[in-house]
There are 2 protein chains.
Amino acid sequence: MGILSSKVVERLSFYRQLLLKYDNAQQSHVNSAQLSRLTGATQETIRRDLMLIGCQSLNIRKGYLVKDMVDCINKVLDPFELSRIALVGDNDAFTETLLYEYENRHIRLVAVFDFDTVNEAFCRNDMQRFHFDELHDTIRSLDIRLVILNVPGAFTCQTADILINAGVKGIINLSPVHLESKAIYVENLNIITAIEKASYFMKWRQYV
Amino acid sequence: MGILSSKVVERLSFYRQLLLKYDNAQQSHVNSAQLSRLTGATQETIRRDLMLIGCQSLNIRKGYLVKDMVDCINKVLDPFELSRIALVGDNDAFTETLLYEYENRHIRLVAVFDFDTVNEAFCRNDMQRFHFDELHDTIRSLDIRLVILNVPGAFTCQTADILINAGVKGIINLSPVHLESKAIYVENLNIITAIEKASYFMKWRQYV
DNA sequence: AAGCAACTGTTTATTAATTAACAGATCAAA
DNA sequence: TTTGATCTGTTAATTAATAAACAGTTGCTT
């Protein structure tokens, strides 16, 4: 199977997030119409996405088996081995999410870097807190490849340099300064752009 | 001029963020090749975007006048009147960004809601801190239409309900539970999806 | 003032993504 | 066992987005 497009990967991630809740609710099957209602994607898009990853319905009248679909998506999205990630610039909501809500055995938050002292509320033996000063050395010694960067824009570039220099290969950049790199993978989630986009479409669609 | 596509709006926001730094650096002109290098978009895409909003180069040999381009983008992206926004679930980096880095006279952070007590570091007379208990009443009395939702997934839906009920017309959802609404504008910036996407492409592009 | 170089503005072509359409398979009910 | 409703899997059509191509204009240089 070849590489999938960015949009397909996004949707697969989204389907799985929904299905994991479904699974807990003892719903054994799901069809494309139901998924369409939950996701906003059309039925055809969903079936096509599943076709691309070789996920087939075994019971054509009831739709897809939730467990099967999750397994198929797991095979595509989960890294081969444990991926240790770090959060640079604290955010209680993210920390809580990554530690307690995101139960993916293949991806785990192992370090949080901040200026502040330790926040006792979020301490586990498999997750440690560090001061910014320890950034380079800790990233290197823990062999962290993927980092969520959540610092004010004034620190974005210098922090990114430290990270790349310490061996990081992917940055999810939540800071308001756009990062661009050919050497590593960068995903910019720019809050300023999000606000301006929201304002624009709220104006046009006359929600306001 | 008609409504622009989501991608064009995103790029315009991005161009402006770059140009505002350019402007400070006393660079009077910029051409599409330079912008292309900074943004990753092709020259043609950039020229086409600018054409769409009626932004023209007055000096065809030097490229676009930075000031003019910013003015053109302002006209398209900035709301007619002051847009008061709120941050629900604190995040020091975002608060700092929105208060001190994002100097847009048309969009202003006026309220932060959190469980914690006041963080003295971020207090200004035009921005106030509130407890979650005050969410509904404060949103309504301050007439806030756009909110950044930054809470753990367990609280996403109930908080969104309160917000919508209080008159909010747009939510930028940073929590790990997808929101979908036909009544209001929703922009999901899902950190779980971002992580899974990054892992996927890092694997395929062999950055790891 | 003539010629050249640089960069835009716009049209046309190409590629990507989404939606529509429908044949085929299978389960359920009568 | 037959009929029919339902939902998939896949191909074809449409739409959206990007990239290429190039004519046209202007300023700079000689």
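Reminder, nothing fancy here: chain letters follow the sequence lines and each chain counts from 1. Predicted model, so just to flag it, every value in this text is computed and none were measured. When reading the values below, keep in mind they use all heavy atoms of this one structure, side chains included, and skip hydrogens, waters and symmetry mates.
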Is A:Arg145 reaching over with its side chain to a backbone N or O of A:Ser83, donor-acceptor style, under 3.5 angstrom? no
A:Tyr64 side-chain N/O to D:dG9 phosphate OP1/OP2 under 4.0 Å: yes
Sequence neighbours excluded, every pair satisfying salt bridge (charged side-chain N to carboxylate O under 4.0 Å, His left out) that has a member inside residues 47-56 of chain B: B:Arg11-B:Asp49
Side chains of A:Met202 and B:Leu146, heavy atoms from C-beta outward: is any pair under 4.5 Å? yes
All ring pair (Phe, Tyr, Trp, His ring centres under 6.0 Å) counterparts of B:His178, not counting sequence neighbours: A:Phe14
For the pair B:Lys75 (side chain) and B:Ile53 (backbone), establish whether a donor and an acceptor sit closer than 3.5 Å, ignoring hydrogens and angles. no
Can you tell me if A:Arg16 and A:Asn74 form a side-chain donor-acceptor pair at under 3.5 Å? yes
Counting only side-chain N and O atoms of A:Ser32, is one of them less than 4.0 Å from OP1 or OP2 of D:dT8? yes
Output the rounded distance in Å from CD (A:Gln34) to C1' (D:dT8). 14 Å
When you check the side-chain N and O atoms of A:Asp90 and A:Thr95, is any donor under 3.5 Å from an acceptor? yes
Spacing between B:Asn31 atom CG and D:dG27 atom C1', to the nearest angstrom: 15 Å
Whole-Å distance separating the CG atom of A:Leu4 from the P atom of C:dT18: 13 Å
Can you sort out the partners of A:Phe130 under ring pair (Phe, Tyr, Trp, His ring centres under 6.0 Å), two or more places apart, ordered by chain and number? A:Phe113
Within residues 9-16 of chain B, which residues have any heavy atom lying less than 4.0 Å from an atom of DNA chain C? none
Verify the distance criterion only: is there a donor paired with an acceptor across the side chains of A:Thr45 and A:Thr42 at less than 3.5 Å? yes
Please report, rounded to the nearest Å, how far the P atom of D:dC7 is from the CG atom of A:Leu65. 16 Å
Tell me, which of residues 42-54 of chain A have any heavy atom that sits under 4.0 Å from an atom in DNA chain C? A:Thr42, A:Glu44, A:Thr45, A:Arg47, A:Arg48
Without hydrogens or angle criteria, can the side chains of B:Tyr185 and B:Glu187 be said to hold a donor-acceptor pair below 3.5 Å? yes
Anything under 30° is parallel, anything over 60° is perpendicular, the rest tilted; go ahead and classify A:Phe115 against A:Phe132. perpendicular
Which whole-number value in Å describes the distance from A:Asp68 CG to D:dG9 P? 11 Å
Sequence-aligned protein contact record of nucleotides 25-30 of chain C, with B where the base is within under 4.0 Å of a protein heavy atom and S where only the sugar-phosphate is: -BBS--
